[in-house]
Amino acid sequence: MRRELDIQTPSWPSEIVVSAAITVLCERLISTDLLKLARSEGIDSQLNKWKKTLPLIQAVLDDASQKQIADRAVQLWVNDLHNLAYDIDDVLDDLATEAGQRKLNHESHASTSSNKVLKIIPTCCTNFTPRNIMYGRLMSSKLDEISNKLRDLVDQKINLGLNVNVNAERPNRLERRLGQTSLVDESKIMGRKGDKEALLKKLLRNERFDQNVGIVSIVGLGGIGKTTLAKVVYNHEKVKDEFEFRIWVCVSGEFDVLDISKAILEAVSGEEKRSSNLDLIHVVLKEKLLKKKFLLVLDDVWNEDESKWELLQSPLVVGAPGSKIMVTTRNTRVVTMMDSDEVYHLDVLSNEDALSLFAQNALGEKNFDKHPTLKLHGEGIMKKCGRLPLALKTLGRVLKTTRNVDEWEKLLNSEIWDIEDGSEILPALKLSYYHLPPHLKQLFAYCSLFPKDYVFDKNELVLLWMAEGFLSQSKGNNSMENLGHHYFEKLKSRSFFQNSTNDELRYTMHGLINDLATSVAGEFFFRFDELRYANETFKNFRLHHFSFINLQSYAQLKKLKSASCLRTFLPMSGGFLHDVLDELLPKLQYLRVLSLANQITKGVPNSVGSLKHLRYLNFSYCGISDLPEQITDLYNLQSLLLRGCFRLSCLPKGFIKLINLRHLDMSDTPMLTKMPLGIGGLISLQTLTKVIIEETNTFKISELKRLLDLQGRLSIMGLDKVIHPIQAKDASLHQKKGLDVLELVYSDVFDESRNEMIEYEVLKELTPHHNLKNLKILFFMGMRFPSWVGDPVFDQLTEVTLRGCTCSHLPTLGHLNSLKKLIVQKMNELKTIGLELLTPTNSNSFIHIAFPSLEVLKFLDMQNWEKWSTFGDEDNNDEISRSLFPRLHKIFIKHCPKLTQVSIGLIPSLRVLHIKECSEMVLRSMVGVSTSLVALKMWKVKGLTQLHEVDLMHLGALENLYIDGCDELMYLWEQKTEACKSFVSLKKLEIRNCKKLVSLSLSLSLVEKEREVNLGNTITNSMESLKEVIFRNCDTLESYNCLNSVERLVISCCHSLTSLTFSSSFTKTISSDCVFCLTSLDIRNCKNLKSFPYEHFQSLTSLEQLSIYDCQSIDYTFPCGLWPPNLSSLVIGCLNKPMSEWSPQNFPTSLVELHLNGKNSGVVSFVVEKDVKNTTTTSSSSLSFLLPKSLASLTLDDFMNVESVSEVLQHLSCLKRLHIMSCPKLRDLPEISSTSDHPSSSLTIKDNQSLQQRVEKQENNRLHNLKEAVKVGALPRLICELEIGCGHVQCKE
């Protein structure tokens, strides 16, 4: 039954920063422009009364904030006052807006007629117009109403006995700002050494559980330190060494199997996955984790639904023995549901450790020895904190800057400790909020709009705070943005924010802290989550700040029309707003913040221009193509964010009217190629991500001169259109010290209209401020770079990109002390790179080390580059060599076909080398610069026939060798023994598209072959590090001998391969001490493979995944019914022997996944093992295939004559997934019950239209509430995917 959710004041008092709000109101009341307007409208007397009354009310708020803890009447008075403060602020903002617009219009009309830009502003009437007279009357009426309410509150404060300045003696303390610390800094963790060691033993213990993957659960109270302990163990060196993959996923909230699965897969693959097909994600994830030993941490799990856990777990069970899933949870029922193998109950700290942790955060000391007078109070606070680490840490920071005994005693005896409101918010955390200064309280409460585990962008949050009016402009010369960053750091220093584990520049909020923000936010803030309030609507006429997530029905938003005072509309997830905005926005005239980021809309309603209070407007990633002209009527707009609007092609013409605009983000808007008039007149701009210079009379680069406060990123495009260098000089980039990233972009069309001397002079005048961190120069046509490019004065510059420039020499960049990344790309006039890159041409010696901080160096698409040498003709070559690249660890040289000479000396720090479409000489020269390479990748290296012995000597540390498209490569090395001695660390070998590759080693003489055999295990052991080998599309590869250490072997499309063996001794005898590590073997499309040691399969005890497909020349006796004993997945078909002639295969009971390709198989039916004895017809049985009853997943592909599977499927009791492809005669399937025993099972049908239609009809009858039926056959090769029992149907191409 649906019920209304009336957002009530929480039982614990909110005290939501009324004092800070009143402070802002008092500041607004002394505005000169506002008072001038008030006098002209005859309403100044009422404002003067407010100016006197509000400080009197503010004076009793200290007393009210304490009394409301236990007095409900005081709490209601505070809430009424806060609500009235919103109303007062709305009226004052209206007056300020009116005053500003009248002033702007007056200036416009007073300007000369030659000022064409300001003529865009429409003419407005004088003050004595009917419109202005009506405005004055309307505002007078509103002021009367507010004055009456204000008078009532003054009377009530007397009746409530609220006193003035009862807390005046409380000092306005300045907090000592804390430095940033690591979340897993063990020096900051107290009393968990024993817990750490116990948990390590559980994780590193290798005894076998019922499955390969064991589950270890950490259980404890919120704030007890479960996540911190998990992080300590997760980052322990023993754990790093033990597990091949370590994956951290913060779950919290809803247990979304798809999102969690994607997060795991992204962590394993290092690639972002956008697919919403759970089955595909699980298939890929299973392949990635197969026989890999992994540690997966699921942090903060609340899910009690066993079916969701089973679904998530299904691709994880294939991990290698010893793999672990570590779970942190407050709920013991979660532990039971997950059937944890090991449970670790984390207890609170001991008294000694708890007191030490509190002292560390409150005093900066390990104990109270130096502060004996505070120890008694500290012990009392420690006990009231329940010895919980989060509470101790948070409350300790509240007292960080005071040693006043009275302050400590006052906190210890606070009434907050005695409040019992039934919530899970720790009293200590409530106290940490209570002791915040008022201006920080409202900032913190605002964070209640964000869901748990939200990753905060500090800059974004500050813009929102600013838009809401929380950042006062009366703090001297400090900008609102700087003030917001300062306040953020204050909150962070008190542990309200913590660094994100994924990005050092982003932040998260602990779940308990988020709960606290929600608790104190009160009736004015509401975060709507339809998954939480699925059967509820909201009804609150005091609602001012609203966000939403997981909204299923956007009709819910229409109910916001009753919240006419709403200031914040903030979606927290993507969705479809459609026409909701047209109906909603006209009713929300007091909006300050409007975000449509990641929303799909049909366009921006013109009514947005009527939101005169609006300060923050975010259209990022919402697919709009244009903005209505009415947006330029938003006089107060501070932030307009258009990031990722890939279709946006133009901006409104009247941009000059947005005189209060401070942030205009146009990042990633490739279709936006022209600027509106007047951008240079918006002198408040701090963010302007790009400007575009055109030939016509539009934006001129000199307009940047007045934009002195620009910060962050700036891209100046169309610099080739600047014909007067003085205009570039007037831009005054050297004065813009806030710029971090500067991109100078010329046209990529080099024609006669361009002048290289002018371009040089223009670039010369564009010298940026020395604070710059990232510089990009694109398609510059000058013969040389100006001297400022590479000037050591740029000591904060960390990244330089030079792309498409026509200079014949690079600038001297070697003295940039902070440079970490250098990219040189498409500089086709450059033929030689020499000493000029390292030191000025007029210098013959190195004063400093060249490129002291450089870590990544890339040369890309350099078509005419011939020589790279750091050696000169002098006798100082050794000195130069020792002075180069001390920290360089990655070099990429790609698409440099003419480069033949490389002499750069040794680079001992080099770890990663990529060579693509270059000569063999480049490869050999670069391999020789370091003996520390761990990854070597090469593509299309011209002239490469083998890796020479002298090159192999440098590859002793190599772990990953990748070779692709080297058409002249015939073998990798000449002598196998030499290779074995060199590749002692090699873990992965992958060779693709090498058409002439015959084998890894040059053919040996008979004597050498005999000597190789006699070496026996010596060769094998010398390459025992090799774990993964992949050959793809190597047409001439004839044979491969797989070493014992290899765990994964893939050979695909190697059509000349005739022989595959497993070590030199395998074919002779299998001794008991011969251990093979192979877990995955995949052989496909090897049409001439004949020799294959399948008769020894039973000795491959580690093999779990086997694919043998389209190998039509393989021995006719295969398969012979012998299989690896622990095989779990098999893909097989298109072999020499037709499937209909196979004898009973005796598949192991471990086999759960079977993919059969029936091309030319002759099979017409299937039977299950236990039913074979009931088969009476010989001819029928000879054409039947015997399926193992252990199957959980079955794929039938290309069985042209199979007509029925329903009967046999009934006997596969474990089957959860059935995929049927290209079986045109198949006509039946078992009935799909709505009470399926396997709610996670799935059915895929492909290339069988009639069967697809039948399944669709059956499912539509059962799931009558589906919004859109599957239209089977409407698209070619349609896949109908049905999630049985889940009510989910998906179709895709």
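Computed from a predicted structure; not experimentally measured.
Listed by chain and residue number, nothing satisfies the side chain to side chain donor-acceptor pair (under 3.5 Å) test with S595 (two or more places apart in sequence, or in another chain). Applying the salt bridge (charged side-chain N to carboxylate O under 4.0 Å, His left out) criterion to K240, with sequence neighbours excluded, gives E237. In this view, S1080 and Q1105 satisfy the side chain to side chain donor-acceptor pair (under 3.5 Å) rule, not counting sequence neighbours.
With values rounded to the nearest 0.5 angstrom, I513 atom CD1 is found 11.0 Å from K452 atom NZ. Considering CG of N618 and CG of L570, their distance stands at 8.5 Å, rounded to 0.5 Å. With rounding to the nearest 0.5 angstrom, the OG atom of S1128 is 11.5 Å from the CG atom of L1154. With rounding to the nearest 0.5 angstrom, the CG atom of L199 is 5.0 Å from the CG atom of L203. Distance CZ/R246 to OH/Y234: 4.5 Å, rounded to 0.5 Å.
Within the 4.5 Å cutoff, side-chain heavy atoms of F569 are placed close to those of F548. Counting only heavy atoms from C-beta outward, the side chains of F444 and V520 approach each other to under 4.5 Å.
D341 has no carboxylate O lying under 4.0 Å from a charged side-chain N of K202, or vice versa, which leaves the two without a salt bridge.
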Per-pair distances, 0.1 Å, donor-acceptor, side chain in residues 213-224, under 3.5 Å, sequence neighbours excluded:
{"from": "S217", "atom 1": "OG", "to": "S340", "atom 2": "OG", "distance (Å)": "2.5"}

Using a 3.5 Å cut-off and no angle test, enumerate the donor-acceptor pairs between side-chain atoms of residues 259-266 and protein atoms at least two apart in sequence or in another chain.
{"from": "S261", "atom 1": "OG", "to": "V257", "atom 2": "O", "distance (Å)": "2.7"}
{"from": "S261", "atom 1": "OG", "to": "H282", "atom 2": "NE2", "distance (Å)": "3.0"}
{"from": "E266", "atom 1": "OE2", "to": "K273", "atom 2": "N", "distance (Å)": "3.1"}

Can you give the donor-acceptor pairs under 3.5 Å from side chains of residues 283-292 to other protein atoms, not counting sequence neighbours?
{"from": "K286", "atom 1": "NZ", "to": "E1153", "atom 2": "OE1", "distance (Å)": "2.4"}
{"from": "K291", "atom 1": "NZ", "to": "E1104", "atom 2": "OE2", "distance (Å)": "3.3"}

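Side-chain atoms of T568 and H545 form a donor-acceptor pair, as typed in the model, at a separation below 3.5 Å. Between the side chains of Y454 and N514, no donor-acceptor pair is found at a separation under 3.5 Å. Remark: the N1126 side chain and the S1150 side chain contain no N/O donor-acceptor pair separated by less than 3.5 Å.
Contact detail for C1214 and S1190: the closest heavy-atom pair is CB-O, 4.1 Å.
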- prompt: Please walk me through it: do F456 and F488 pass ring-ring contact (aromatic ring centres under 6.0 Å, His included)?
  reply: CA-CA 11 Å; F456 289 87; F488 184 93; 7.7 Å; no

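Remark: the backbone N or O of S620 is not paired with any side-chain donor or acceptor of R643 at under 3.5 angstrom.
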